[in-house]
Amino acid sequence: MKSRVNYRQIKTLADVRAERLRIAGELDGVEERLNDDYRRITGMFSVGYVVERVTTGAGKFYSAVEWAMTAYNIVRSVIGKYKEASARRKEATDDETETSG
């Protein structure tokens with residue numbers, strides 16, 4: 001939007017009309033943007049918008065929790081297998097000491 005009218009450049013009635021048309025066009029553009037903003041703002045305070053934002057946030061949070069649970073299960077599984085292998089090795093060494101002793 002052109003900020004000012006340069007009145008020193010206006011020499012004729014045609015120049016005045018041209019400036020009025022330019023200003024009217026700029027004002028129409030600003031009015032349309034304001035109407036669009038108003039429609040978006042009223043939509044932002046609707047129940048549908050709030051529900052959409054909450055579900056989007058919950059979906060992101062759920063993804064993080066799901067990833068953490070998967071990582072926990074993998075680590076727990078690895079530790080469980082390690083404990084089982086250690087227990088088997090210990091039993092095998094205990095059996096060897098009983099049979100040799």
Side-chain angles (χ1 to χ4, degrees):
M1 185 167 142
K2 190 174 176 183
S3 59
R4 294 183 171 259
V5 175
N6 189 350
Y7 291 102
R8 292 181 185 200
Q9 290 182 350
I10 295 176
K11 305 259 189 256
T12 64
L13 185 58
D15 294 339
V16 171
R17 288 184 180 138
E19 283 297 309
R20 282 185 174 174
L21 284 174
R22 181 187 62 80
I23 291 170
E26 289 180 4
L27 287 175
D28 288 343
V30 170
E31 182 181 10
E32 188 61 37
R33 284 195 310 264
L34 285 172
N35 286 333
D36 289 343
D37 289 345
Y38 178 75
R39 281 190 290 276
R40 277 185 272 160
I41 287 173
T42 56
M44 287 175 65
F45 293 104
S46 69
V47 174
Y49 178 79
V50 172
V51 169
E52 177 187 338
R53 299 302 287 173
V54 168
T55 54
T56 301
K60 290 178 184 177
F61 180 72
Y62 178 76
S63 297
V65 169
E66 190 175 38
W67 179 84
M69 290 295 291
T70 302
Y72 171 77
N73 288 331
I74 290 170
V75 170
R76 192 179 84 189
S77 172
V78 168
I79 291 173
K81 288 177 184 177
Y82 176 76
K83 284 182 178 180
E84 287 176 11
S86 295
R88 284 188 200 136
R89 273 187 260 135
K90 185 176 180 184
E91 286 177 12
T93 55
D94 287 345
D95 288 343
E96 287 177 10
T97 54
E98 287 178 7
T99 56
S100 63

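Just so it is clear, the model here is predicted, and its values are computed rather than measured.
For Asp36, the salt bridge (charged side-chain N to carboxylate O under 4.0 Å, His left out) partners are Arg39, not counting sequence neighbours.
Each of Leu21 and Leu13 belongs to its own hydrophobic cluster when Ile, Leu, Val, Met, Phe, Trp and Tyr are linked at side-chain heavy-atom distances under 4.5 angstrom.
Rounding to the nearest 0.5 Å gives a distance of 11.0 Å between NZ of Lys83 and CZ of Arg76. Between the OG1 atom in Thr93 and the CZ atom in Arg88 there is a gap of 14.0 Å [rounded to 0.5 Å]. Here the CZ-OH distance, from Arg40 to Tyr49, works out to 11.0 Å after rounding to the nearest 0.5 Å.
Taking all atoms of both residues into account, the shortest heavy-atom contact from Glu19 to Ile10 is CG-CD1, 3.9 Å.
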Which atom pairs, one a donor and one an acceptor, fall under 3.5 Å between side chains of residues 58-70 and the rest of the protein, sequence neighbours left out?
| residue | atom | partner | partner atom | Å |
| --- | --- | --- | --- | --- |
| Ser63 | OG | Gly59 | O | 3.0 |
| Thr70 | OG1 | Glu66 | O | 2.9 |

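Here the side chains of Thr12 and Asp15 are in contact, with some heavy-atom distance below 4.5 Å.
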